[in-house]
Amino acid sequence: RASLLDPTDLRGIPYVNEGTAHWAPPSFLPNDPDSKGVLFFDELNAAPPLVQASLYQLTLDRRIGEYVLPRDWRILAAGNRAEDRSVVYRMPAALSNRFTHLDFEADFDDWRNWANQKELHPLVIGFLGMRRELLFQAPLDGSRAFPTPRSWEILSDHLKSLGFTTLMDEVAVGTVGEAAAIEFSGFRQNALTEEQVQNLLRDPENEKLPEGLGDLYALLSYLTTQANKAAVRKAAGKLLSRLPVEMSVLLVRDLLKVHPPFMADPNCAAFLQKNSDLLQ
């Protein structure tokens, strides 16, 4: 993290060899000339100006004093924008001109794939599937809590720990902000229950399916995060013919990412053959 560095951390410390001063570079700078990788400076514009200035030579000449960056290493950096209301310093023009600048935005589909892999609470994923615009909202003046991909992950952890308690509503306000928390609380109170999910797993061919979009997303997230269980995969295969086709396509894609052998499930194979054009 560039914000934790001092200017001397990059150049290293001096030592004397046969009466001549040399510099010992820091251990995080690669030394093997045959190695390859990415040297990533996080929170670059949160680093003090002197630290940013110390990167001039490394980012342009690929060296600092006697140290030379191996040929097959690339330098990347990241940082918050000034409008994100984070602690940032204006990047010197000389350093800024050494980079190609790309702006990234939170994308729900990408986040959802990550959230399923990390086994975030299905209700959090289900709610955001219905209210995608709440995945990230810039903070208002004076607000301490606001919705971001990071704060939704924290809320998922709280929900797993606290369950559906009165305290959970207060914790949600303090995690994602009042407006988002009120909406999530309303969704949570009427959302798909654990009992309904278990009933679907026991009788996937006849049990009533949830109708709400958020509940469908929650169901898919549950099936994906529990895909290591054979009974869950079997039930998921049977649900493919009952779910709305767009949800079935999403379920197949999710399950194949976390458990590729699911492709051998007879119901999955039949669905893939019938809907191959939708999965391209």
Side-chain angles (χ1 to χ4, degrees), residues 104-136 147 149 152-153 155-157 159-160 164 183-184 186-280:
F104 288 86
E105 295 181 356
D107 178 82
F108 173 75
D109 292 324
D110 288 341
W111 178 84
R112 182 177 175 276
N113 290 334
W114 171 86
N116 282 330
Q117 293 173 4
K118 292 294 185 179
E119 299 185 6
L120 265 64
H121 198 289
L123 289 187
V124 172
I125 301 174
F127 171 71
L128 291 174
M130 183 180 63
R131 293 285 280 126
R132 297 185 177 206
E133 60 272 24
L134 288 180
L135 178 60
F136 173 79
W152 286 114
E153 180 187 9
L155 182 65
S156 169
D157 292 339
L159 191 56
K160 290 178 181 179
F164 302 111
E183 286 198 47
F184 178 73
F187 169 80
R188 180 171 60 83
Q189 291 171 10
N190 299 288
L192 188 70
T193 65
E194 181 73 17
E195 181 181 0
Q196 289 174 293
V197 172
Q198 294 302 323
N199 289 338
L200 276 168
L201 293 179
R202 282 191 290 267
D203 189 6
E205 296 177 302
N206 300 300
E207 189 68 27
K208 183 180 178 181
L209 289 172
E211 297 178 357
L213 180 61
D215 287 343
L216 288 171
Y217 271 113
L219 174 61
L220 265 59
S221 297
Y222 183 91
L223 295 172
T224 302
T225 56
Q226 300 297 314
N228 60 319
K229 300 176 182 177
V232 173
R233 297 194 301 272
K234 183 178 180 180
K238 292 181 178 180
L239 286 171
L240 289 176
S241 61
R242 298 189 61 204
L243 289 166
V245 65
E246 63 274 12
M247 287 294 171
S248 294
V249 169
L250 197 57
L251 178 58
V252 167
R253 286 176 172 167
D254 288 346
L255 286 173
L256 291 180
K257 287 176 183 176
V258 299
H259 191 80
F262 180 66
M263 185 177 290
D265 180 275
N267 292 293
C268 178
F271 181 83
L272 290 173
Q273 184 176 10
K274 182 179 179 180
N275 300 280
S276 59
D277 56 321
L278 298 177
L279 288 154
Q280 294 178 356

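What's counted below: heavy atoms across the whole structure, side chains too, no hydrogens, waters or symmetry copies. Note that this is a predicted model, so its numbers are computed, not measured.
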Is a side-chain N or O of [X] found less than 3.5 angstrom from the main chain of [Y], in a donor-acceptor match?
{"X": "Arg233", "Y": "Asn228", "answer": "yes"}
{"X": "His259", "Y": "Pro261", "answer": "no"}
{"X": "Gln117", "Y": "Trp114", "answer": "no"}
{"X": "Ser248", "Y": "Leu240", "answer": "yes"}

Spatial distance of atom [atom1] ([X]) from atom [atom2] ([Y]) [nearest 0.5 Å]:
{"X": "Lys160", "Y": "His121", "atom1": "NZ", "atom2": "NE2", "value": "7.5 Å"}
{"X": "Gln198", "Y": "Gln196", "atom1": "CD", "atom2": "CD", "value": "11.5 Å"}
{"X": "Leu255", "Y": "Asp265", "atom1": "CG", "atom2": "CG", "value": "9.5 Å"}
{"X": "Lys234", "Y": "Leu201", "atom1": "NZ", "atom2": "CG", "value": "12.0 Å"}
{"X": "Arg242", "Y": "Glu207", "atom1": "CZ", "atom2": "CD", "value": "8.0 Å"}
{"X": "Leu200", "Y": "Leu192", "atom1": "CG", "atom2": "CG", "value": "7.0 Å"}

Closest non-hydrogen atom pair, [X] against [Y]:
{"X": "Met263", "Y": "Cys268", "answer": "CA-SG, 3.9 Å"}
{"X": "Arg132", "Y": "Asp109", "answer": "NH1-OD1, 3.4 Å"}
{"X": "Leu134", "Y": "Pro147", "answer": "O-CB, 3.2 Å"}
{"X": "Gly129", "Y": "Leu213", "answer": "O-CD2, 4.1 Å"}
{"X": "Asn267", "Y": "Gly237", "answer": "CB-O, 3.0 Å"}
{"X": "Pro149", "Y": "Phe136", "answer": "CD-CB, 4.2 Å"}

Exercise for review: Check the surroundings of atom CD in Glu195: do more than 12 heavy atoms from other residues, nucleotides or ligands lie under 6.0 Å from it?
Suggested key: no
**Study point:** Greater than 12 external heavy atoms within 6.0 Å of Lys274's NZ
**Key:** no
Exercise for review: May I ask you to decide whether Arg112 forms a salt bridge with Asp254, counting only side-chain N to carboxylate O separations under 4.0 Å?
Suggested key: yes
Is it true that [Y] and [X] share a donor-acceptor pair across their side chains at a distance under 3.5 Å?
{"X": "Ser156", "Y": "Glu153", "value": "no"}
{"X": "Tyr222", "Y": "Glu119", "value": "no"}
{"X": "Asp110", "Y": "Asn113", "value": "no"}

Point to revise | Steps toward side-chain contact (heavy atoms from CB on, under 4.5 Å) verdict (Ser241, Phe271) | key: CA-CA 8 Å; Ser241 61; Phe271 181 83; over 6 Å; no
Check your understanding: Given Asp215 and Phe187, is the side-chain contact (heavy atoms from CB on, under 4.5 Å) satisfied, shown in steps?
Key -> CA-CA 9 Å; Asp215 287 343; Phe187 169 80; 4.1 Å; yes
Practice item. Give me the one residue out of Leu256, Thr224, Leu216 that meets side-chain contact (heavy atoms from CB on, under 4.5 Å) with Leu251. Key: Thr224
Practice item. Would you check, one step at a time, whether the test side-chain contact (heavy atoms from CB on, under 4.5 Å) holds for Val124 with Phe184? Key: CA-CA 8 Å; Val124 172; Phe184 178 73; 4.1 Å; yes
Check your understanding: Would you say the side chain of Phe164 lies within less than 4.5 Å of the side chain of Arg188, judging by non-hydrogen atoms?
Key -> yes
Review point. Out of Phe108, Phe127, Trp111, which one pairs with Trp152 under the ring-ring contact (aromatic ring centres under 6.0 Å, His included) rule?
Key: Phe127
Point to revise | Candidate pair Leu243 and Leu220, rule side-chain contact (heavy atoms from CB on, under 4.5 Å), full reasoning | key: CA-CA 10 Å; Leu243 289 166; Leu220 265 59; 4.2 Å; yes
